[in-house]
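To start, the structure itself, in structure tokens.
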Amino acid sequence: MIDQTKRILSDLVAFPTVSADSNLDMIAYLANQLEDCGAQVDVLTDGSGRKANLFATLGPLRDGGIVLSGHSDVVPVTDQNWATDPFKMVERDDLLFGRGTCDMKGFIAATLAMAPVFAQQVRDQPLHFAFTYDEETGCIGARHLAQNLTERSIKPSLAIIGEPTNMRVIDGHKGCYEYSTHFQGLEGHGSAPDCGVNAIEFAVRYVSRLLDLRDELKLMAPNDSRFEPPWTTVNLGALNGGQVHNVIAPRATVDWEMRPVQASDADFVNEALKTFCDEVLLPSMRLVYPDASIVTEVIGEIAGLMPADENEILKIVSELTGINRADVVSFGTEAGIFQSLGMDVVVCGPGSIEQAHKANEFLAVDQLDQCLKMLEGLGAKLSEPPNQ
């Protein structure tokens, strides 16, 4: 099974599914493989026609069952110094090199290799495969899939999200809220700053307030927080604006994110920033230029995965892996979206997040083998008679 999985992974790596590009060829490959196993396959194209999710089912078309989920997109390789072609998998020293081997085509390959086995084992509960687009740019595909499942009244019970966790069982992670805040001011000559509205200056004041809020969030960490760090974090990704030294900058943009440990923290930050803009920044800007504006664009607001007291899939995966301790992580996944649909969810997959997004990304063969063993155990459970 490991050799077949590596062959499939090599095929998947060869699809350059960078988020900016189409994933349709890879989705067609996955669809063909699953249809050959007898799965009912739905390819759900986005509005542009260039991206698609895949949702496939083995077994009865009924409520319940387990979802095996992974995202098809990968991050760019631009300006990264790769020792090999990133879109041609290379095996060396029991490591599989290539873009997406770790994040997260390794897990997808393992589920695909196991699909013919699952097809013989599934009984009264369905087994679903959910492969999405654009996870790396705001979990856009997963949100589209969630809407589609809701509209079609498809209600799986459990989900395993195969992000790289070194096969640790993860039952919680922070949310990921990404924004771009755009400032529109009034250009003018640099020698007369009072005659214009310098968008960069107001963007800097906005950033300063955001940094103050970041410090306040450290004091708001729940006492029982299992995250590291235990509080909601804020990160400034970019500040762009202006053109030359002697022109008042009419426009600026701040790209920023926060990783909430609880939804109330996100509300606190957004409300505080809105108040600061409405009561402090905008009145000052509009004294000079009435059409000045501050607009925050929501890139993505991805809910965290909240640890639950009762989690059936956590019990199953813990038994299959032999790991009796669930952990939390600070990086985001699509798991919270599946949880919002009423499913019990865990994150567990092969590879280390330390390798993700980097040049010379790799997946250890041993990790892939451990993943296959977990899935083989899951298949055995699928074949158990009811109530056993």
Q) Can you check whether Ala83's main-chain N or O pairs, donor with acceptor, with Asn360's side chain at less than 3.5 Å? A) yes

Side chains of residues 151-160: which donor-acceptor pairs under 3.5 Å do they make with residues two or more places apart or in other chains?
unit_1, atom_1, unit_2, atom_2, d
Glu151, OE2, Gln147, NE2, 3.1
Arg152, NH1, Asn148, OD1, 2.8
Arg152, NH2, Asp42, OD2, 2.6

Q | Minimum side-chain heavy-atom gap Met104-Glu135 below 4.5 Å | A | no

Q. By the rule that ILVMFWY residues connect when side-chain heavy atoms come within less than 4.5 angstrom, directly or transitively, which residues belong alongside Met306?
A. none

**Q.** Side chain to side chain, Gln355 and Leu363, heavy atoms closer than 4.5 Å
**A.** no

Q. So do the side chains of Leu112 and Phe129 get within less than 4.5 Å of each other, counting heavy atoms only?
A. no

Q) Do Phe131 and Asn23 have side chains that get closer than 4.5 Å, going by heavy atoms? A) no

Q) For the side chain to side chain contact (heavy atoms under 4.5 Å, CB included) test, which of Leu314, Asn324, Ile316, Asp327 pairs with Val169? A) Leu314

Q | Ser22 side chain to Lys51 backbone, donor-acceptor under 3.5 Å | A | no

Q. Does a salt bridge link Glu216 with Arg209, judged by any charged N lying under 4.0 Å from a carboxylate O?
A. yes

Check residues 179-186 and write down every donor-acceptor pair under 3.5 Å in which the side-chain atom is one partner and the other belongs to a residue at least two apart or another chain.
unit_1, atom_1, unit_2, atom_2, d
Tyr179, OH, Asn270, ND2, 3.1
Tyr179, OH, Glu301, OE2, 2.7
Ser180, OG, Asp255, OD1, 2.6
Thr181, OG1, Tyr206, OH, 3.1
Thr181, OG1, Trp256, NE1, 3.1
Thr181, OG1, Thr296, OG1, 3.1
His182, ND1, Thr253, OG1, 3.0
His182, NE2, Glu297, OE1, 2.9
Gln184, NE2, Pro250, O, 3.4

Q: Not counting sequence neighbours, list each pair that qualifies as a ring pair (Phe, Tyr, Trp, His ring centres under 6.0 Å) and has a residue in residues 18-68.
A: Phe15-Tyr29, Phe55-His128

(Q) Within the 4.5 Å heavy-atom criterion, are Gln4 and Ile8 side-chain neighbours or not? (A) yes

Q | With Asp103 via salt bridge (charged side-chain N to carboxylate O under 4.0 Å, His left out) - residues at least two apart | A | none

Q) Hey, is Asp46 close enough to Arg50 for a salt bridge, meaning N to O under 4.0 Å? A) no

Q | Minimum side-chain heavy-atom gap Lys381-Glu319 below 4.5 Å | A | yes

Q.
Going by the rule salt bridge (charged side-chain N to carboxylate O under 4.0 Å, His left out), which residues pair with Glu361 if we only count those two or more places apart in sequence or in a different chain?
A. Arg99

Q: Hey, could you give me each pair passing ring pair (Phe, Tyr, Trp, His ring centres under 6.0 Å) that has a residue in residues 66-119? Not counting sequence neighbours.
A: Phe97-Phe362

Q. Looking at residues at least two apart in the chain, or sitting in another chain, which of them share a salt bridge (charged side-chain N to carboxylate O under 4.0 Å, His left out) with Lys274?
A. Asp278

Q | ring pair (Phe, Tyr, Trp, His ring centres under 6.0 Å) contacts in which one or both residues fall within residues 271-329, not counting sequence neighbours | A | none

Q. Between Thr165 and His173, is any pair of side-chain heavy atoms under 4.5 Å apart?
A. no

Listing, residues 194-202 side-chain donor-acceptor contacts under 3.5 Å, not counting sequence neighbours, or none:
unit_1, atom_1, unit_2, atom_2, d
Asn198, OD1, Ile200, N, 3.0
Asn198, OD1, Glu201, N, 3.3

Q: May I have all residue pairs that pass ring pair (Phe, Tyr, Trp, His ring centres under 6.0 Å) and include part of residues 321-361, sequence neighbours excluded?
A: none

Just list the side-chain donor-acceptor pairs under 3.5 Å for residues 230-240, sequence neighbours left out, or say none.
unit_1, atom_1, unit_2, atom_2, d
Thr232, OG1, Val261, N, 3.0
Thr232, OG1, Asp265, OD2, 2.6

Q) Can you check whether Pro350 reaches Gln370 side chain to side chain, under 4.5 Å on heavy atoms? A) no

